[in-house]
Every structure is written in C-alpha cells, then in structure tokens.
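Everything quoted here is computed from the prediction, not taken from an experiment.
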2 protein chains.
Amino acid sequence: MAEWKKDESRIVEPSLWERLERTAPAPRTALTLERIAAAAVELADREGADAVTMRRLATELGVAPMAAYRHVSGKDDLWALMIDRVSAELAVPDEITGWREVLRSFAVQTRELMLRHPWMGRVPAGAVQLTPTRMAVAERQLAALVDLGLDADAMMAAFRAVTSYVQGAVQSEIALREFKEQHGWGSGAEARQALAPQMNYLMESGRYPVYRTYSLAASRKDDPGWEFEFGVDCVLDGIARRLGI
Amino acid sequence: MAEWKKDESRIVEPSLWERLERTAPAPRTALTLERIAAAAVELADREGADAVTMRRLATELGVAPMAAYRHVSGKDDLWALMIDRVSAELAVPDEITGWREVLRSFAVQTRELMLRHPWMGRVPAGAVQLTPTRMAVAERQLAALVDLGLDADAMMAAFRAVTSYVQGAVQSEIALREFKEQHGWGSGAEARQALAPQMNYLMESGRYPVYRTYSLAASRKDDPGWEFEFGVDCVLDGIARRLGI
DNA sequence: CATCGCTTGTGTACGTTGTACACCGCAAGA
DNA sequence: TCTTGCGGTGTACAACGTACACAAGCGATG
C-alpha cells in the first residue's frame with residue numbers, strides 16, 4: 001500500500017539512538033553527540049530554554065553554527081537528545097519493587113528532575129516520548145506492574161495515568177514559578193498581594209467569589225510539593241481501587 | 001520595599017481583559033480584540049499552531065503586519081486571547097451539581113475541546129492560566145467543591161489534581177496523534193507495525209521486554225477516550241477516598 | 001609514498017520570525 | 001477651525017533554523 005520511494009530510501013541510515021551508542025567512531029573529531037547533548041543541557045539549565053539556539057549552542061561548543069547538523073538532524077533531534085540525557089538522572093533503587101512505591105518514586109523524582117531542568121516543560125512534546133532512557137524508565141515502571149494479574153490495557157492505562165498527571169502538574173508548577181519570577185515576585189504572600197494588574201482586575205470584578213475566597217485562604221499554596229504528592233496519591237489510590245490491586 | 005518606578009507607572013493602563021470587555025469603543029475601527037481573536041483561532045484550527053504568525057494573522061485580517069500590535073502587546077497576549085476564546089466552548093449544564101459529576105464533565109469536555117483545537121497543546125504554558133473564561137471554569141468547579149466540609153487547601157488540591165491530569169493526558173494524546181500524522185500513518189495496527197526506524201531499533205534491541213510485550217498486547221490502545229476516562233476516574237476515586245467525600 | 005574517498009567542520013546565504021519606531025490620516029473635542 | 005490622539009502603515013533590524021557548496025583531515029588502497 002505504502003508507495004516505495006527511491007531505492008536510496010532502502011538504505012536505512014542509523015537512527016539517532018543507534019549512533020549515540022556507537023563507540024567513539026573517530027578519535028580526532030571535536031564534536032560528539034555526547035558533547036553536544038551536554039553543552040545543550042548545560043546551556044538550557046543556565047539560561048533557560050529560549051537560550052538554546054543552534055547558533056548559541058555552536059558558540060558554546062566553540063564551533064561553527066552549522067557544525068552540529070552533522071550529528072543531529074535538526075532542533076527536534078537536539079531536544080530529544082537533551083531530554084534523554086537528563087532522564088538518566090532518574091534513579092529509583094532496585095530494592096523498591098512494589099508497584100505503588102515504584103510509580104510513586106518515579107513520580108516524585110520526575111518532579112524534582114523537571115524542577116531542576118525547567119526547560120523540560122517547554123520542549124515541544126512531540127519527539128519527547130521515545131528516547132531510550134525514557135523507554136527504560138517506562139520499562140521499569142511497567143515491570144513493577146506485571147505479575148499483578150492485570151491485562152495489558154489496564155497496565156498501560158495505569159502507567160500512563162500517573163505519567164500524565166505528573167507531566168501536567170509539574171508543567172503548570174513550572175509555568176507558575178516562571179510567571180512569578182518574570183514579574184519579580186518572591187514567593188507566597190507577597191506574590192498574591194501584588195498580583196498582576198490583569199489578575200487584580202479579574203479578581204476584584206466579583207465574578208469569582210469562590211476562587212477568590214479559597215485561593216486566599218489556602219495556606220499550603222506555597223508548598224507545591226505537598227499538592228503534587230496529594231495528587232499522585234489520589235491517582236495511585238484510584239488505580240489501586242479500580243484495578244483491585 | 002518594592003521600589004517605585006517612574007510616576008508614569010502609576011497610570012495603570014487597562015489590562016487586556018478590561019479592554020476585551022469594553023463596549024465597542026470606536027465604531028469605524030477595522031480591528032477589535034474580538035476580530036483578532038476570532039481570526040487567530042480560525043487560522044490555528046485550520047492550519048495548526050505554527051501557522052499563527054503575526055504577519056500571517058495580519059494578512060488574514062486584511063491589514064498591515066503591525067496593525068494587531070495596537071490591540072495586543074505581543075504574541076503572548078494573542079495566545080492568551082485565543083485560549084480564552086475557545087475556553088468559552090466549555091459548557092457544563094447547570095443541572096449538574098455533584099462535585100464528581102462537575103469535575104468529570106469538565107474533564108471530558110476539556111479533552112474534546114483540546115482535540116478540537118489541537119494547537120492548545122502547544123501554547124507556551126505561561127500566560128494560559130489566568131484568562132477570564134478559564135477562571136470562570138475554575139470558579140464553577142470550585143463552587144462544586146464547597147459545602148463538602150473541605151478546608152481550602154484540600155479544595156484547591158483536588159481541583160488542581162484533576163486539572164493537571166487532564167492537561168498532561170490530553171497533551172500527550174495530541175502529541176502522539178500529531179506524531180503519527182506527521183509520519184503518514186493512519187491509526188492503530190498499521191502505525192505500530194510500521195514504526196519509525198528509531199522506535200524499531202530500540203524496541204528490537206531487547207532492552208524493553210515488558211514494554212514491548214504489553215504495548216503490543218494492549219488492544220484498547222486505539223481508543224484514547226477509554227484510557228483518558230480511566231485516568232480521570234482514578235483521580236476522582238482517589239480524591240473521594242482521601243478527602244472522605 | 002601517492003591517491004582516493006569519506007567524514008566532519010566552515011562559510012555564506014536565504015527566507016521567516018517578532019517587534020521597535022517613525023509616520024500619517026482621520027474623527028472628535030475645543 | 002485647529003488641535004489632539006487613536007489606529008493603521010511602512011520600513012527596518014536582529015535573530016532564528018537550516019540548505020548548500022566547499023575544505024581539511026584521516027583511513028584504506030595502490
């Protein structure tokens with residue numbers, strides 16, 4: 001059904017990940033995928049996602065703007081490489097084996113990882129999923145779910161429910177944090193007091209009485225960690241109940 | 001403590017939202033926030049998030065590239081405007097009042113909304129939160145949670161747990177869908193069979209046996225709706241259990 | 001040792017983006 | 001009638017991603 005393109009297309013060129021694992025192919029080359037990934041991550045950590053530019057990365061590596069393109073097909077590849085690299089920081093000890101503990105531990109660690117590398121919340125979600133390290137993380141979590149008598153659908157659904165929650169929660173936490181920083185607030189009361197004019201206008205319009213009342217009253221609002229873990233535990237509780245595990 | 005800037009800064013200019021609600025200020029003007037928002041949304045729906053460009057939007061409006069800047073401070077404002085506009089499509093009937101039904105209904109509708117406007121998954125998460133319509137949506141959901149004897153922290157946490165899950169789940173669903181489309185697959189078996197070479201390399205490497213086995217066995221994989229609702233119900237179950245409601 | 005070819009880095013160049021800024025016409029208030 | 005200022009225009013710039021032709025160095029082959 002699918003039409004074959006030119007014969008050249010038969011020559012499958014090694015994928016990004018295959019190349020990533022090749023033993024250092026040429027000793028004299030200045031650039032490697034490792035070096036590129038490291039520099040990009042370091043740059044993103046230091047100056048934020050927007051600073052990660054092919055040109056900026058090149059100067060960071062002391063190399064011409066187009067040099068990286070020999071190793072990476074474009075910016076999407078670069079993001080994938082960066083995500084894969086920092087994902088290796090996730091380390092749940094092997095002793096932890098219970099499904100709930102494994103999933104919870106990964107959730108908490110993923111949050112810390114993303115807070116440590118806030119640019120992770122900004123990468124275009126497309127190519128993010130299928131990097132080797134991310135798949136290894138998934139593998140570990142799924143492995144904790146076998147032997148519970150679940151069918152494949154339930155297993156995948158449970159795994160993904162947690163993952164989705166974590167992604168959404170941390171992303172919004174990061175967004176909020178950056179929004180605050182960008183407007184020069186510290187944290188907490190000061191922030192809520194000196195809200196942006198737009199927020200003030202809306203809040204004082206009287207249209208959101210409940211929101212207003214309760215967001216002022218919520219005292220744990222300055223402890224995003226608590227809120228995050230509450231959410232994780234909700235998801236885990238729900239999974240346990242629904243799947244009878 | 002906070003240092004006052006120039007006196008000019010005292011003159012608070014009306015916020016985007018204040019201006020949005022002003023009755024048509026000048027009858028003969030070609031551009032309004034409404035018209036801009038409508039055109040931008042329509043463009044994004046039709047040609048995707050990347051097509052939404054200040055210049056492109058201008059030609060769509062039959063106007064010079066810089067014209068929109070008289071009404072909108074920049075692209076972030078535009079995104080906020082767009083998000084706010086489509087968020088008005090959410091409509092949960094007033095008859096629904098139980099906290100669980102309200103939250104679930106908003107969750108399901110938000111998914112449908114985002115699938116209908118896939119560009120929503122790509123908007124830089126920053127300015128998204130605090131638009132009037134989004135706050136009204138939050139208000140409605142929080143209102144469903146009062147009178148349950150919860151303290152403010154629990155209420156906000158419950159509300160946000162659901163929101164976070166929805167955001168994460170739908171975002172990844174959209175990303176997956178676009179990834180598939182971009183690679184020319186239809187849905188389902190065909191997709192999994194003709195996976196991208198990178199995926200093949202990784203999957204066949206034998207490093208992810210569980211992932212491989214179960215993702216092949218999962219038969220509901222082509223029904224994202226089921227998976228989504230499973231997750232929502234997990235979160236809701238967990239909230240009910242943890243908060244005793 | 002000479003030569004070839006492949007890999008890897010370089011230089012230049014193009015089209016597109018967001019947006020700053022100066023300008024100008026026109027409706028409304030004096 | 002004159003002035004004011006709002007709203008649309010036109011030009012301009014710096015930065016972006018990346019295509020493409022080229023060059024320098026190495027390994028294999030003669």
**Q.** 5' precedence on DNA chain C between A:Arg55 and A:Ala68 (nearest-nucleotide basis)
**A.** A:Ala68
Q: Check every atom of C:dG18, D:dC20, D:dT11 against the side chain of B:Lys75 and return the nucleotide holding the closest atom.
A: C:dG18
Q. Separation of B:Trp79 atom CH2 from C:dT19 atom P, in whole Å?
A. 12 Å
Q.
Nearest 0.5 angstrom please: B:Ile174 CD1 to B:Arg122 CZ, how far?
A. 9.0 Å
Give each protein N/O atom lying under 3.5 Å from an N/O atom of nucleotides 22-24 of chain C, with the pair distance.
none

(Q) Using only atom types and a distance under 3.5 Å, with no angle test, would you say the side chain of B:Glu139 pairs donor to acceptor with the backbone of A:Val210? (A) yes
Q | Nearest-nucleotide comparison on DNA chain C, the residue closer to the 5′ end among A:Ala67 and B:Arg56 | A | A:Ala67
Q | Nucleotide D:dG7, atom P - distance to CD1 of B:Ile36 in whole Å | A | 11 Å
Q.
If you take the centroid of each ring, where Trp contributes its six-membered ring, are B:Phe228 and B:Tyr165 closer together than 6.0 Å?
A. yes
Q: Nearest whole angstrom, please: distance from the P of D:dT18 to the CE of A:Met66.
A: 8 Å
Q | side-chain contact (heavy atoms from CB on, under 4.5 Å) assessment of A:Met82 paired with A:Val123 | A | CA-CA 10 Å; A:Met82 293 170 67; A:Val123 316; over 6 Å; no
Q) B:Tyr69 OH to C:dT17 C1': how many Å, rounded? A) 9 Å
Q: Check whether any side-chain N or O of B:His71 sits under 4.0 Å from OP1 or OP2 of D:dG8, and answer yes or no.
A: yes
Q) To the nearest 0.5 Å, how far apart are OH in A:Tyr214 and CZ in B:Phe159? A) 14.5 Å
Q. Between B:Thr53 and C:dG18, is there a side-chain N or O to OP1/OP2 distance below 4.0 Å?
A. yes
Q) Taking CG from B:Asp76 and C1' from C:dT19, how many angstroms apart are they, rounded to a whole number? A) 13 Å
Q) Charged N to carboxylate O under 4.0 angstrom, A:Glu89 versus A:Arg116? A) yes
Q: Carefully, step by step, assess A:Arg56 and A:Glu60 under the rule salt bridge (Lys or Arg N to Asp or Glu O under 4.0 Å).
A: CA-CA 6 Å; A:Arg56 182 68 201 280; A:Glu60 211 77 11; 3.4 Å; yes
Q) Atom CG of B:Leu61 to atom P of D:dG7: distance rounded to whole Å? A) 16 Å
Q. For the pair made of CE in B:Met54 and P in D:dG8, what is the distance, rounded to whole Å?
A. 13 Å
Q: May I have the distance from A:Arg35 (atom CZ) to C:dT8 (atom P), rounded to whole angstrom?
A: 14 Å
